[in-house]
Amino acid sequence: MFTGIIETTGKIKAISVTGSNKTFWISSPLSTELKIDQSVSHDGVCLTVEAITDGSHQVTAIDETLKKSNLGTWVTGGEVNIERCMQMNGRLDGHIVQGHVDTTATCIDRKDLEGSWEYRFQFPEDFAALVIEKGSIALNGTSLTVFNVTNNAFSVAIIPYTYNHTGIKHIHIGSIVNIEFDLVGKYVTRMLMLQNNHR
């Protein structure tokens, strides 16, 4: 379980392929503090730390993860957002994020507003019920508030701190990002669907 408040970013040092899996070596300021078997969010995807050496840690994405996320497009030298799992004795500064990516979205607009940045993303219309005006969303693992919501698009505003301390500064028109919708919204949508099916 995560909060969507990014702790640091990491650099992809190496990528290897074994069958349908992809293994990544990632160097970050937190790598030496991690433990093997620990769950860590990488651009919003919960991955298990498998090995740690020389200031880097290793994680593997299986086929299902690669299909649902943008991890298949990662390249050596790329930057990823890193967040360790939340501590239950602290404040929840973002919102509840599982690290289970639902789908991807495409950046269709980016504006520099001279003090903040505004991004617009297009997502599959099948998920329209899970995106609400002023609701929460995890974008590459970052907890953000959405606005100007339509059936297949939304906007987010980025403050300077978030821009400078996460990988969002590398997102441009055409970039593919990982999206996790709000957990509460998913449960409500599921309950309504089941109720309608029993009528």
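- Looking at H57, its side chain never comes within 3.5 Å of a backbone N or O of I52 through a donor-acceptor pair.
- For the pair T150 and R120, the minimum side-chain heavy-atom distance is below 4.5 Å.
- Heavy-atom contacts from other residues, nucleotides or ligands closer than 6.0 Å to NZ of K13 number 12 or fewer.
- Scored by the ring pair (Phe, Tyr, Trp, His ring centres under 6.0 Å) test, Y119 finds no partners at all (sequence neighbours excluded).
- The environment of K67 atom NZ is sparse: at most 12 non-hydrogen atoms of other residues, nucleotides or ligands sit within 6.0 angstrom.
- Heavy-atom neighbours of E133 CD from other residues, nucleotides or ligands within 6.0 Å: above the threshold of 12.
- Environment of CG in N196: crowded, with over 12 heavy atoms of neighbouring residues, nucleotides or ligands closer than 6.0 Å.
- Applying the ring pair (Phe, Tyr, Trp, His ring centres under 6.0 Å) rule to Y187 yields no partners; only residues at least two apart in sequence or on another chain are considered.
- A donor-acceptor contact closer than 3.5 angstrom is absent between the side chains of Q58 and T23.
- For the pairing with F154, the side-chain contact (heavy atoms from CB on, under 4.5 Å) check across I132, I137, L144, T145 returns one residue only, I137.
- Residues satisfying the side chain to side chain contact (heavy atoms under 4.5 Å, CB included) test with V40, not counting sequence neighbours, are L34, Q38, H42, V49, I82.
- Applying the side-chain contact (heavy atoms from CB on, under 4.5 Å) test between I6 and each of N81, V80, T162 identifies N81 as the sole match.
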